[in-house]
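The basis for the numbers below is simple: all heavy atoms, side chains too, and nothing from hydrogens, waters or symmetry mates. First listed ligand is number 1; within each ligand, the first listed atom is number 1.
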Amino acid sequence: MAEISVAVYPGSFDPITNGHIDLVTRTLRIFDQVVIAIARNQDKGGALFSVEERMATVRKVFEGEERVRVDSFEGLLVDYAEAQAAKVVIRGLRAVSDFEYEFQMATMNRRLKPNLETFFMMTGESSFYISSRLVKEVAGLGGDVAAFVPDVVLDQLRKKFPRS
Ligand code: PNS
């Protein structure tokens with residue numbers, strides 16, 4: 001039987017945006033399974049949504065899509081990816097400004113686990129300026145973020161920031 005190809009898509013997803021969703025949808029054209037892996041290490045205060053809230057939200061977004069798994073992880077990404085039998089980590093690249101950080105991470109991860117590859121996908125042209133950080137900032141200041149996030153996230157943001 002052919003081996004199932006698994007890609008891990010790690011990140012903070014605080015909250016998930018339409019840019020992330022676009023990336024997952026395109027990754028599913030290439031890999032059999034995508035594991036959306038929410039990093040717990042990043043959660044040392046400062047997050048708007050708890051890891052549990054984010055997991056529940058991402059599950060709602062991909063409800064019915066059996067090839068998407070939602071999980072959280074602690075510790076090194078390379079160890080987590082190995083435990084998931086993933087050969088590939090997916091990361092999105094929006095702009096040149098993302099490149100240095102992503103290049104450092106991918107290189108460090110390859111030094112740690114040479115068999116694990118990082119695949120970069122260019123963010124879709126309608127999402128290249130969207131980031132979770134900007135979505136939170138705009139929503140917090142009363143701006144309309146309906147075009148940038150799925151409805152489930154919009155509802156949550158409206159609860160957190162009644163002015164948005
Ligand atoms: O969406 P983000 O916040 O840019 O994601 C960053 C993330 C979670 C992919 C990165 O910080 C990570 O892999 N954290 C896990 C800990 C780890 O492996 N650190 C070494 C990275 S070289």
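Applying the 4.0 Å criterion to heavy atoms of Leu77 picks out, from ligand 1, the atoms 13 (O), 17 (C), 18 (O). The Met108 neighbourhood of ligand 1 comprises atoms 22 (S), with distances under 4.0 Å to a heavy atom of that residue. Contact atoms of ligand 1 toward Phe73: 15 (C) (distance under 4.0 Å to a heavy atom of the residue). With ligand atoms numbered from 1 in the order given, ligand 1 contributes 17 (C), 18 (O) to contacts under 4.0 Å with heavy atoms of Leu76.
For the salt bridge (Lys or Arg N to Asp or Glu O under 4.0 Å) condition, the pairs that include at least one residue of residues 5-25, sequence neighbours left out, are Asp14-Arg54, Asp14-Lys136, Asp22-Arg26.
By the rule that hydrophobic residues join a cluster once side-chain heavy atoms approach within less than 4.5 Å of another member, Leu93 and Ile16 end up as members of separate clusters. Residues Phe49 and Phe62 share a hydrophobic cluster, clusters being chains of Ile/Leu/Val/Met/Phe/Trp/Tyr side chains in contact below 4.5 Å. The same ILVMFWY cluster, assembled from side-chain heavy atoms under 4.5 Å apart, contains both Val51 and Val135.
Checked by distance only, ligand 1 and Asn41 stay at 3.5 Å or farther apart across all their nitrogen or oxygen atoms. Not a single N or O atom of Asn109, backbone or side chain, sits closer than 3.5 Å to an N or O atom of ligand 1. Considering backbone and side-chain N/O of Ala39, none are found under 3.5 Å from N/O of ligand 1.
The two residues Ala37 and Phe13 make their nearest non-hydrogen contact at O-CE1, 3.9 Å. Scanning both residues, Ala86 and Val8, for their nearest heavy atoms gives CB-CG2, 3.5 Å.
In this structure, Gly75 has a heavy atom closer than 4.0 Å to ligand 1. In this structure, Tyr80 falls outside the shell of residues with a heavy atom less than 4.0 angstrom from ligand 1.
A parallel orientation is assigned to the rings of Phe99 and Phe103, their planes being inclined by less than 30° (bins at 30° and 60°).
Counting only non-hydrogen atoms, the option in Arg91, Arg110, Glu74 that gets closest to atom 4 (O) of ligand 1 is Arg91.
Evaluation of the side chain to side chain contact (heavy atoms under 4.5 Å, CB included) rule for Arg67 yields Leu28, Glu65 as partners, not counting sequence neighbours.
With a 4.0 Å heavy-atom cut-off, ligand 1 is reached by no atom of Phe13.
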